[in-house]
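What follows is a short report on a single structure.
Every chain is numbered from 1 and lettered A, B, ... according to where its sequence line falls, protein lines coming before strand lines.
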Protein chains: 2
Amino acid sequence: METNVDNEGLINKDFSEDLAPFMLTKCPVTLTNLIIGGKWKPVIIHNVSRGINRFGELQRAMPGVSKKMLTQELRDLEHNGILNRKIYAEIPPRVEYSLTDWGRATLPILQSMAHFGFAYADKLGLKPA
Amino acid sequence: METNVDNEGLINKDFSEDLAPFMLTKCPVTLTNLIIGGKWKPVIIHNVSRGINRFGELQRAMPGVSKKMLTQELRDLEHNGILNRKIYAEIPPRVEYSLTDWGRATLPILQSMAHFGFAYADKLGLKPA
DNA sequence: CAGTATCCACAATGATACTG
DNA sequence: CAGTATCATTGTGGATACTG
């Protein structure tokens with residue numbers, strides 16, 4: 001609320017609270033978890049990387065997510081420099097999300113997660129998509 | 001729960017509830033997230049892979065974690081076939097955790113997370129461990 | 001040492017209604 | 001279309017005390 005130092009327009013969030021777990025441990029894995037962890041963030045990134053980049057599309061592509069959660073997670077990713085948000089001044093309004101360079105830098109993580117998930121689903125006798 | 005033999009890789013939990021988000025989406029990334037996601041699981045795996053494999057050691061290596069959370073996360077990982085738990089019938093009691101084959105299969109994910117975390121910490125002007 | 005058990009504060013999330 | 005705002009509910013996690 002009070003102190004908002006916008007240095008470069010890229011990351012303008014106050015991290016002193018958000019990044020507390022990382023500050024405590026200095027563990028890079030913990031930091032990554034804070035940025036792209038959680039229930040929906042990896043799936044959002046995965047979908048945006050596949051070209052599913054509009055709010056409604058994402059919501060349909062992610063069964064179970066609520067508008068509120070989707071909005072919130074999209075904002076987090078945007079504020080942390082993972083996603084771009086482009087607003088087209090049209091009617092009806094159109095918004096498109098895309099990966100930033102840092103967003104693309106997370107894709108190897110997503111890929112190894114997908115690789116493991118496929119194998120693990122198979123182990124469980126389940127069929128992934 | 002008596003002195004049960006190590007049943008490596010055996011999954012004896014009822015997943016119908018736990019895996020609901022995956023059942024809904026069939027997304028392998030979501031599945032991986034359910035197995036090794038969350039605040040502490042990646043760090044536990046990372047530490048165990050480095051030889052930090054006893055309860056007390058892990059607790060000291062993970063500032064901020066409570067006994068309750070550590071126990072809970074260790075149990076999840078064990079039940080999902082990521083960790084082995086070996087109990088030595090000694091006094092004082094000794095328990096050692098180790099990675100299963102499936103646990104080792106998650107290490108590429110952890111590595112790419114660490115790689116990203118290092119770079120991202122640098123971007124933030126912070127020093128990782 | 002390596003946990004369990006219980007209680008509870010508060011954060012996280014869902015449902016619903018409304019808006020530019 | 002792409003969100004906000006608000007309230008209700010659920011869940012996560014911390015503190016504390018106890019145990020084989």
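Using a 4.0 Å heavy-atom cutoff across all strands shown, B:Y97 reaches sugar-phosphate atoms only and no base atom.
Whole-Å rounding puts the A:L70 CG to C:dT13 P distance at 13 Å. To the nearest angstrom, P of C:dA2 lies 19 Å from CE of B:M69. Computed from coordinates, the A:Q59 CD to D:dA2 P distance equals 10 Å when rounded to whole Å. For the pair A:R75 CZ and D:dT4 C1', the interatomic distance rounds to 10 Å; values are reported in whole Å. One can place CD of B:E73 at 10 Å from P of D:dT12, the figure rounded to the nearest angstrom. Regarding B:K86, its NZ atom lies at a distance of 15 Å from the P atom of C:dA2, rounded to whole Å. Distance NZ (B:K39) to C1' (D:dG13): 8 Å, rounded to an integer number of Å. Rounded to an integer number of Å, the gap from NZ of B:K67 to P of D:dT12 is 22 Å.
Among all heavy-atom pairs drawn from A:A114 and B:P28, the shortest one is O-CB, 3.7 Å. Among all heavy-atom pairs drawn from A:Y97 and A:R75, the shortest one is OH-NH1, 3.3 Å. Taking each heavy atom of A:I52 and A:L58 in turn, the nearest pair found is O-CD2, 3.3 Å.
Nucleotide D:dC18 has C:dG3 as its partner under the Watson-Crick or G-U criteria, with both atom distances under 3.5 Å.
At the phosphate of D:dC1, neither OP1 nor OP2 sits under 4.0 Å from any side-chain N or O atom of A:R54.
Electrostatic pairing of B:R94 and B:E96 counts as a salt bridge here, judged by a charged N lying under 4.0 Å from a carboxylate O.
Relative to the side chain of B:R85, the nucleotides D:dG14, C:dG3, D:dC1 differ in distance, and C:dG3 lies closest. Nearest nucleotide to the A:R94 side chain, out of C:dT4, D:dA2, C:dG14: D:dA2. Here the side chain of A:P92 is nearest to one of D:dC1, C:dA2, C:dT4, namely D:dC1. Closest contact between the side chain of B:P93 and the listed nucleotides D:dG20, C:dA2, D:dG3 involves D:dG20. Of the candidates C:dG3, D:dG13, C:dG14, C:dG14 carries the atom nearest the A:K68 side chain, counting heavy atoms from C-beta on. Across D:dG14, C:dA2, D:dC1, the shortest atom-to-atom separation from the side chain of B:S66 is found for D:dG14.
Taken to the nearest 0.5 Å, the CD atom of A:Q111 stands 7.0 Å off from the CG atom of A:L107.
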